[in-house]
Amino acid sequence: MSQPRQTLEQIFEAQVQTLSLTLQPFTVVKYQYVARRFVGYLRATFPEVRRLSQLRRDPHMLGWFGWLCELRPPVGNHTREQRLLFAERVEMRALERGTKVAAALVVAGNGLFGDQRV
């Protein structure tokens, strides 16, 4: 009997909980916030995305980072870099757990935009 599919919220919360084993409590709180914001962005902009396997670098990840750049008041470079780090970690944990992820969402070691950091 197969298990019911987890929602994106549940998947990201599980990823944050796994990361919480090695992170400071304040970092965990920040990651929970980022996860909620990212899922909220996906729900508002791409409501058809229900599984990690549906996520794509373009338009989902690039769109999210573009959205972060357009926020008012603006989100600083450090904050965007932290969001990128979160995305990299979640992607790595998902792959380690055998969760299907369509291609690389974040270019490993090079950030979201290739050789540039956000």
Side-chain angles (χ1 to χ4, degrees):
M1 182 168 164
S2 66
Q3 295 179 344
R5 288 201 173 163
Q6 291 182 306
T7 65
L8 284 176
E9 291 87 353
Q10 292 169 324
I11 292 168
F12 281 102
E13 181 57 32
Q15 299 301 331
V16 171
Q17 290 307 313
T18 299
L19 290 170
S20 73
L21 300 173
T22 59
L23 298 174
Q24 295 293 323
F26 181 71
T27 303
V28 173
V29 170
K30 286 193 305 185
Y31 277 10
Q32 288 170 328
Y33 173 80
V34 172
R36 284 192 302 271
R37 293 291 298 239
F38 180 59
V39 171
Y41 164 80
L42 287 175
R43 292 281 181 253
T45 311
F46 301 100
E48 71 281 0
V49 174
R50 297 281 182 216
R51 297 183 310 274
L52 281 181
S53 62
Q54 293 175 293
L55 286 178
R56 302 289 183 269
R57 185 169 180 261
D58 187 11
H60 307 119
M61 300 304 291
L62 292 175
W64 182 48
F65 276 89
W67 177 78
L68 287 173
C69 292
E70 295 170 1
L71 289 176
R72 295 296 174 243
V75 176
N77 289 342
H78 177 73
T79 300
R80 287 194 305 273
E81 190 169 325
Q82 292 300 310
R83 303 305 189 256
L84 176 61
L85 179 60
F86 170 75
E88 287 175 331
R89 284 184 169 180
V90 167
E91 180 181 359
M92 286 174 27
R93 294 294 184 255
L95 292 171
E96 287 171 3
R97 295 180 78 167
T99 303
K100 289 185 178 183
V101 177
L105 299 174
V106 180
V107 180
N110 293 323
L112 188 66
F113 301 104
D115 62 348
Q116 302 172 343
R117 283 308 236 173
V118 207

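As the structure is a computational prediction, the values presented were derived from the model and not from experiment.
- Take R50 and apply the salt bridge (Lys or Arg N to Asp or Glu O under 4.0 Å) test, not counting sequence neighbours, and it matches no residue.
- Of all heavy-atom pairs between R51 and Q54, the closest is N-OE1, 2.8 Å.
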Below 3.5 Å, can you tabulate the donor-acceptor pairs from side chains in residues 63-75 to any protein atom, sequence neighbours excluded?
none

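- To the nearest 0.5 Å, atom CD of residue E88 and atom CG of residue L84 are 4.5 Å apart.
- With sequence neighbours left out, the side-chain hydrogen bond (donor to acceptor under 3.5 Å, both in side chains) criterion links Q17 to E13.
- Remark: side-chain polar atoms of T45 are not paired, donor with acceptor, to backbone N or O of L42 under 3.5 angstrom.
- When all heavy atoms are compared, the tightest approach of P47 to A44 is CD-O, 4.4 Å.
- Between L8 and R43, the closest side-chain pair of non-hydrogen atoms falls below 4.5 Å.
- Residues passing the side-chain hydrogen bond (donor to acceptor under 3.5 Å, both in side chains) test with T7 are E9, Q10, sequence neighbours excluded.
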Please list every donor-acceptor pair under 3.5 Å in which a side-chain atom of residues 23-38 meets a protein atom from a residue at least two apart or in another chain.
{"unit_1": "Y31", "atom_1": "OH", "unit_2": "R89", "atom_2": "NH1", "d": "3.4"}
{"unit_1": "Y33", "atom_1": "OH", "unit_2": "R37", "atom_2": "NH1", "d": "2.8"}

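- Interatomic distance, CZ of F12 versus CG of L52, reported as 5.5 Å (0.5 Å rounding).
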